[in-house]
Amino acid sequence: MWLAVITLFPDMFDAMTESGITGRAIKRGQVQFSCVNPRDFTIDNYHRVDDRPFGGGPGMVMLPEPLEKAILHAKAKAADAGYPEVPVVYMSPQGKTLNESGVKQLVQYDGLIVLCGRYEGIDERIIEQYVDQEWSIGDYVLTGGELPAMVMLDSMIRRLPDVMTDNQSAEQDSFVDGLLDCPHYTKPDVFNGIAVPAVLKTGHHLNIEKWRFLQRYQRTQARRPELLEGVQLTRQQKKWLMSEKKSESL
Ligand SMILES: Nc1nonc1C(=O)N[C@@H]1CC[C@H](O)C1
């Protein structure tokens with residue numbers, strides 16, 4: 001996957017490119033990643049990238065010209081790399097709230113240009129002319145779009161084929177089928193007097209699968225009941241649920 005991030009703070013992305021599973025995917029060439037800094041496209045002596053908002057009010061707004069030049073530069077780089085049609089995604093609280101289905105949609109693209117705002121945001125005319133999708137990581141305001149971009153890109157990169165090894169599989173993640181994740185345990189058998197649930201040590205894979213499903217269903221029911229509306233249970237899961245409800249009613 002070809003990725004370019006337009007940001008005034010490219011060094012922030014070292015957290016994603018220099019370590020972990022995302023860093024490994026980039027080093028392996030599974031992801032081509034680069035940053036484009038709008039400040040490199042300024043023409044004034046002060047390298048201005050922002051100015052005061054028309055109509056007054058607090059804060060500053062990112063100037064459209066450096067952003068336009070940075071976007072066009074990123075599009076040209078993508079085309080040179082063999083990706084002529086790369087969507088531009090702008091991270092903003094006004095965007096659609098990112099969730100697992102949004103990640104699944106975004107990771108289908110061959111390439112993406114991610115635009116990170118700062119200050120009060122960017123000139124609206126850039127959004128109107130160049131932004132294809134606006135995405136938000138939640139209803140709160142941050143100082144910049146860089147952390148939201150890293151959150152979104154992290155969730156996308158881990159879903160690319162062969163990025164996660166078998167035992168890091170993304171298939172059993174939370175939300176992958178609409179349910180929250182089950183509890184996880186590792187050594188030691190007893191920690192601070194609390195033992196690992198016995199079923200997990202039986203080696204009986206079907207019983208373990210049943211236990212994990214019931215834990216996920218009950219945890220979702222207790223913490224995020226609204227998620228259950230979109231859950232499609234398998235025949236086996238419905239049977240497990242029925243038998244659990246019967247045993248509870250006894
Ligand atoms: N929540 C979010 N999800 O994506 N982006 C944000 C976010 O708060 N962006 C900041 C708003 C002003 C500043 O320009 C950057």
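Note that these values count all heavy atoms, side chains included, but never hydrogens, waters or copies made by symmetry. Because the structure is predicted, anything quoted here is derived from the model rather than measured. As the structure lists them, so they are numbered: ligands from 1, and atoms in each ligand from 1. Residue indices begin at 1 and follow the sequence shown.
Here the CG atom belonging to L228 is positioned 6.5 Å from the CG atom belonging to L179, to the nearest 0.5 angstrom.
Set against the non-hydrogen atoms of R118, the atoms of ligand 1 under 4.0 Å away are 14 (O). Listed by number with element, the atoms of ligand 1 under 4.0 angstrom from any heavy atom of G144 are 15 (C). Every atom of ligand 1 with a heavy atom of G121 under 4.0 Å away is listed here by number and element: 14 (O). If you number the atoms of ligand 1 from 1 as listed, the ones under 4.0 Å from a heavy atom of G145 come out as 15 (C).
Atom 13 (C) of ligand 1 has as its closest protein heavy atom Y119 O, 3.3 Å. Of the protein's non-hydrogen atoms, P93 CD, 3.7 Å is the one closest to atom 9 (N) of ligand 1. Summary of contacts: the protein heavy atom closest to atom 1 (N) of ligand 1 is Y140 O, 2.8 Å.
Of all heavy-atom pairs spanning P148 and L142, the tightest one is CG-CD1, 3.4 Å.
Heavy-atom neighbours of E226 CD from other residues, nucleotides or ligands within 6.0 Å: above the threshold of 12. The 12-atom threshold is exceeded at OH of Y185, counting heavy atoms of other residues, nucleotides or ligands nearer than 6.0 Å.
By the criterion of a heavy-atom distance under 4.0 Å, both the backbone and the side chain of S136 are placed next to ligand 1.
Here's the thing with G138: one of its N/O atoms is less than 3.5 angstrom from an N/O atom of ligand 1.
The pair K27-E18 meets the salt-bridge criterion, with a side-chain N (NZ, NE, NH1 or NH2) lying under 4.0 Å from an Asp/Glu carboxylate O. Ion pairing of K201 with D189 is present here, as a side-chain N (NZ or NE/NH1/NH2) and a carboxylate O approach within less than 4.0 Å.
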#### Entry: Audit row: E146, R118, salt bridge (Lys or Arg N to Asp or Glu O under 4.0 Å) steps and yes/no
CA-CA 9 Å; E146 285 79 11; R118 278 274 156 172; 2.9 Å; yes
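Taking only non-hydrogen atoms, the option from L142, T97, I122, I137 nearest to atom 3 (N) of ligand 1 is I137.
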